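Let me begin by presenting the structure, written as structure tokens, before commenting on it.
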Amino acid sequence: MLSELLQGTDVGGFLLIQDSCSYSGRHLLKSFIDAALNREEVVHVLGLDVSEEELKEGLKSFVFQRLHFHDAYADPLGWTDNSPFTVHQFSSSRLTELLKQTAPSKPATLVIDSLSWVLRHISPTAVCHTLQQLKKGGAVRTIIGLLHEDMHSRGIVGSVCRLATSVITVEPGTKGEEALAKITKRSKSGKVTQDEQIFSIRKDLTVTVLSKPTNPGHKRSTTEEQVDPTANLTFNLRLTDAEREAKEKLALPFVFSKEKKTALLHSGPGSGKILYEPDASDDYDQEDPDDDLDV
Amino acid sequence: MFTELNSILNTSPESFTPGEFILLSDRQSDASFLIHHFLSFYLKARCKVCFVALVQSFSHYHAVSQRLGVSLTQAKEKGQLIFLEGLKESLSVFLPQEENAGHQAMSFLRDPAAGLRSLYEFVQSSVVESSGGGGASAEQWGPPVLLMDDVSVLLSLGVRVGAVLDFSHYCRTTVCSQLQGNVVMLVRCDGEAEEDDADDEGSEQLMRGLTHQSCLTLHVQGLPTGYCRDIHGQVEFCWKKRQSDGQHAPKKVFQFKVHDKGVSFFARGTSRAVL
């Protein structure tokens, strides 16, 4: 599913890459930029987190004429007087204007690195409003955004995820170069598909999807064989059929069936009987506690 | 400067990667020995150092640096070191005197909500004047370096996490990207990790934000098993960028012991007390 997203067939969508401190999503973001540039698309990058040199590192230089970097990294808050782009200019009208300057005819791909910077200074509702307007506006073909999910509360992250048509959450994998991507894709019909894939990014920014993650400890396909304890002994523990029958017929000495009980209690003729007549010195207690025993 | 730490980081005063943002962090432990290392390292590398020291006095750092073979007073006289002694400067903010027009650097103490723009402007003026070409007697120093000890104390002074992150972003822009210098910041956390609640406007969120901005983090912790006389703790090294030769060695853990004149680092389980 990751490969399909990289091919960028989804027009008018909003792809969100979520990362955390343990694994940076910027490598995957650069792979998406690289894939878009290789498809001859015009890519506009709104750079807030990293500088232009750092973002362009690893991309091939001949595609740079299609890559337009809007530098909001140098002075995002306008502390010096000549700032190319401040974070407060993050609005759909300003961004559409920026995009139209360089690619008037073709709708471009807009990459925002990162949305966390914007969300720190602009209210989430305004950001979501801007993103929605950009999606519907027509000047933008696709929006790809990077969000650091551990920098915001769950509510804000959830709101931005709602807007996205595809969300890729990246986490570190078990082995060194690998990472785990959890992908949620919402199609126009409303169907939601989810997937988990392990991938690694090579030095030339191509993504290799490795496999689905194996869930250790859950599936044990081998059935346990019943072990026969009477096999392989020097003595015989098995029974023949006749011996089994005789064993089952045997009445155990202290297991009382009802017939045996009545025979013992009410002894028949010929067996002894006990007659008891208490003397004067006998302690004959009317309320003998053992009286109600049925033995 | 600790030679073992240099070999772990694969740097030396003669050759180190420029344009790096190094984050030192600790949790219920004390990573200030790393600040002393980086201070002496960059002074020995003949860089222009701007040191924003908010928690200790100048004499403290001077005493420790002397044991590491560097004299801070000499560096200050030569113009190599610009030292902002936060403790002293804050007094002049609260008790302004006539002759002391005062640094505007610590003016955020009066109005923490306004942010750290004035502190950034102080940093910018300190590092930029080196590349502006000083007087005839000015020596040529290497790329500028900003050291901060420590950033989390700004939170206790009433500054918001967002303002501190903006400040560190601007320092990174000016020092790392424009001037190809390095930035080293120390952030301290108390309490346990893994707080799910990202609404917490505390040192955890600050550390996460700075980790996202940095390319190398050194995290100091005590041993998980408790106090040990021979091993003072462990350091976790985390590289974010790929090394230039394509090798991706993201994390390494070493244990350390602090001595009088240095710190020894060793792989886990290889302490002299154990072997």
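These numbers come from a predicted model, not from an experiment. First the proteins, then the strands, lettered A, B, ... as listed; each starts at 1.
Between the side chain of B:Arg208 and the backbone N or O of A:Cys21 there is no donor-acceptor pair closer than 3.5 Å.
Side-chain contact between B:Asp166 and A:Leu77 is present, with at least one heavy-atom pair separated by less than 4.5 Å. B:Val161 has its side chain out of reach of A:Arg120: every pair of non-hydrogen atoms, C-beta onward, lies at least 4.5 Å apart.
To the nearest 0.5 Å, the span separating CD on B:Gln178 from OG on A:Ser51 amounts to 10.5 Å. With rounding to the nearest 0.5 angstrom, the SG atom of B:Cys176 is 9.5 Å from the CD atom of A:Glu54.
A donor-acceptor contact closer than 3.5 angstrom links the side chains of A:Tyr73 and B:Ser177. Looking only at atom types and distance, the side chain of A:Asp150 has a donor-acceptor partner in the side chain of B:His212 under 3.5 Å away.
Contacts between A:Pro76 and chain B at a heavy-atom distance below 4.5 Å involve backbone atoms as well as side-chain atoms. For A:Ser20, the part lying near chain B is the backbone, with the side chain staying farther off; criterion is any non-hydrogen pair under 4.5 Å.
A:His129 NE2: 12 or fewer foreign heavy atoms inside a 6.0 Å radius. Heavy atoms from other residues, nucleotides or ligands lying under 6.0 Å from CZ of A:Arg94 number more than 12.
Counting heavy-atom pairs under 4.5 Å between each of A:Asp49, A:Thr80, A:Ile156, A:Val157 and chain B puts A:Asp49 at the top. Listed options A:His121, A:Glu52, A:Glu53 were ranked by heavy-atom pairs under 4.5 angstrom with chain B; first place goes to A:His121.
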Next on the checklist: Let's go through B:Leu165 and A:Trp117 carefully: what are the C-alpha distance in whole Å and the side-chain angles of both, what is the deciding distance for side chain to side chain contact (heavy atoms under 4.5 Å, CB included) to 0.1 Å, and is it a yes or a no?
Outcome noted: CA-CA 10 Å; B:Leu165 289 173; A:Trp117 231 106; over 6 Å; no

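B:His169 approaches A:Leu48 most closely through the heavy-atom pair CE1-O, 2.9 Å.
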